[in-house]
2 protein chains.
Amino acid sequence: MNSAKKARLEAAGWKVGTVAEFLELNKQEAAFVEMKLALARCLHALRIRRKLSQSRVAELVGSSQSRVAKMESGDPSVSVDLLLRSVLAIGGSPTEVVRALASRKKLTPA
Amino acid sequence: MNSAKKARLEAAGWKVGTVAEFLELNKQEAAFVEMKLALARCLHALRIRRKLSQSRVAELVGSSQSRVAKMESGDPSVSVDLLLRSVLAIGGSPTEVVRALASRKKLTPA
DNA sequence: ACAAGCTATGTCAAATATGACATATACGCA
DNA sequence: TGCGTATATGTCATATTTGACATAGCTTGT
């Protein structure tokens with residue numbers, strides 16, 4: 001790609017890089033999301049096992065029911081920090097967290 | 001504790017709860033910090049192994065040298081999200097992350 | 001049908017995390 | 001000594017995350 005085309009694309013809001021870079025970035029992002037989803041599932045499973053409502057979890061965590069729902073659904077507005085704190089707050093052990101992360105599922109291609 | 005004293009303490013900015021609650025909270029917080037520190041050590045070790053400077057890591061992560069330094073030192077202003085993304089960004093595998101979390105050290109009492 | 005409880009989704013002001021920057025310290029080398 | 005490189009630490013404007021709230025859907029029981 002010549003630099004004029006690169007400049008045009010970037011002016012239009014595109015990042016320009018190699019295909020390899022793109023794939024690598026996606027791989028990292030996928031791994032990150034997978035881990036987040038693993039924590040989300042962990043939280044949900046633990047909550048069900050303990051027979052707690054989302055509202056009750058919210059109390060224990062110091063948050064709100066709506067945010068707990070977003071946590072369990074893997075909403076992008078939820079941080080790993082909050083997920084981690086929440087799992088611990090309802091009695092999840094670090095060991096359980098590690099197990100959840102270790103057994104994370106691969107995201108299937110669309 | 002009678003409710004008058006409780007009210008007085010809370011007015012002065014103190015949370016009132018049981019000792020058990022206090023200990024439990026500290027346990028959760030300790031577990032959380034331990035995991036964060038485990039990731040910080042993981043990032044540092046991986047960076048050294050790859051012979052990268054903090055500045056180079058900053059480029060790969062899309063951050064700055066100073067933030068990378070804070071990450072490795074376990075600075076409280078750094079999120080688990082950023083630590084996780086960073087480890088992955090410099091080529092750490094999810095497996096390595098899990099291993100790091102699994103081998104987290106206990107914080108020793110002061 | 002209604003009521004009560006649980007969960008999902010959207011919005012928003014306030015709280016927190018962030019990159020960028022300046023600057024300090026330390027180390028090796030010419 | 002000075003110079004370049006690497007790392008640490010503080011600050012700050014901005015970007016992202018947060019709890020709170022409203023509200024809707026969905027069950028279950030009466």
Side-chain angles (χ1 to χ4, degrees), chain A residues 10 13 15 17 21 25 28-29 32-92 97, chain B residues 10 13 15 17 21 25 28-29 32-92 97:
Chain A
E10 286 176 344
K15 302 281 184 183
E21 279 166 7
L25 266 180
Q28 292 164 22
E29 185 59 22
F32 181 77
V33 172
E34 278 168 23
M35 295 177 112
K36 216 162 122 170
L37 291 181
L39 285 176
R41 282 190 299 267
C42 174
L43 177 64
H44 178 77
L46 191 54
R47 177 175 71 81
I48 297 302
R49 197 168 345 134
R50 303 252 152 124
K51 299 191 200 310
L52 302 171
S53 67
Q54 292 182 345
S55 299
R56 179 64 186 131
V57 172
E59 285 178 8
L60 293 171
V61 176
S63 182
S64 58
Q65 178 268 325
S66 60
R67 192 134 296 275
V68 174
K70 289 183 221 300
M71 282 190 232
E72 293 188 0
S73 71
D75 189 286
S77 82
V78 172
S79 70
V80 170
D81 291 66
L82 186 60
L83 278 165
L84 203 44
R85 284 182 197 280
S86 298
V87 168
L88 297 173
I90 66 175
V97 171
Chain B
E10 287 178 343
K15 301 280 182 183
E21 280 166 4
L25 266 179
Q28 292 164 21
E29 185 58 21
F32 181 77
V33 172
E34 278 167 24
M35 295 177 111
K36 216 163 120 169
L37 290 181
L39 285 176
R41 281 190 301 268
C42 175
L43 177 64
H44 178 78
L46 191 54
R47 177 174 72 82
I48 298 301
R49 195 164 351 129
R50 303 254 152 125
K51 300 192 198 313
L52 302 172
S53 67
Q54 292 182 344
S55 299
R56 179 64 186 131
V57 172
E59 283 178 10
L60 292 172
V61 176
S63 182
S64 59
Q65 177 269 325
S66 61
R67 192 136 295 275
V68 174
K70 289 184 221 303
M71 284 190 229
E72 292 188 1
S73 72
D75 189 286
S77 83
V78 172
S79 71
V80 170
D81 292 65
L82 186 60
L83 277 165
L84 203 43
R85 284 182 196 277
S86 299
V87 169
L88 296 174
I90 66 175
V97 171

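Each chain gets a letter, A, B and so on, in the order the sequences are listed, and its residues count up from 1.
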Smallest separation among heavy atoms of A/Cys42 and A/Val87, with atom names: SG-CG1, 4.0 Å
Heavy-atom closest pair (A/Gln28 atom, B/Ala89 atom, distance to 0.1 Å) is OE1-CA, 3.5 Å
Let me check the geometry of the helix from C/dA1-D/dT30 to C/dA30-D/dT1. What is the bend angle between the axes at its two ends, five pairs each, to 10°? 30°
Between the protein and nucleotides 26-30 of chain C, which nitrogen or oxygen pairs are less than 3.5 angstrom apart?
none

If you measure from CG on A/Leu43 to CG on A/Leu84, what distance do you get to the nearest 0.5 Å? 10.5 Å
Counterpart residues, side chain to side chain contact (heavy atoms under 4.5 Å, CB included), relative to A/Ser77 (two or more places apart): A/Arg67, A/Lys70, A/Asp75
Non-neighbouring partners of B/Arg85 that pass side chain to side chain contact (heavy atoms under 4.5 Å, CB included), sequence neighbours left out: A/Glu29, A/Phe32
Qualifying residues under side chain to side chain contact (heavy atoms under 4.5 Å, CB included), relative to A/Ala58, sequence neighbours excluded: A/Val68
Ignoring hydrogens and geometry, is there a side-chain-to-backbone donor-acceptor pair from A/Lys36 to B/Asp81 under 3.5 Å? no
Please enumerate all residues that pass side-chain hydrogen bond (donor to acceptor under 3.5 Å, both in side chains) together with A/Gln65, with sequence neighbours excluded. A/Gln54
Atom CZ of A/Arg85 and atom C1' of C/dA17: how far apart are they, to the nearest Å? 12 Å
One should read off an interatomic distance between B/Leu46 CG and B/Ser86 OG, to the nearest 0.5 angstrom, of 10.5 Å
According to the salt bridge (Lys or Arg N to Asp or Glu O under 4.0 Å) rule, which pairs have a member within residues 45-57 of chain B, sequence neighbours left out? B/Arg47-B/Glu72, B/Arg49-B/Glu96, B/Arg56-B/Glu59
What are the residues of residues 44-56 of chain B, sorted by number, that bring a heavy atom to within less than 4.0 Å of DNA chain C? none
Can you sort out which residues in residues 58-80 of chain B have a heavy atom within less than 4.0 Å of DNA chain C? Ascending by number, please. B/Gly62, B/Ser63, B/Ser64, B/Ser66, B/Arg67, B/Ser77, B/Val78, B/Ser79
Gap separating the CG atom of A/Leu60 from the CG atom of A/Leu88, nearest 0.5 angstrom: 12.5 Å
Residue list, side-chain hydrogen bond (donor to acceptor under 3.5 Å, both in side chains) with A/Ser64, at least two apart or on another chain: A/Ser66
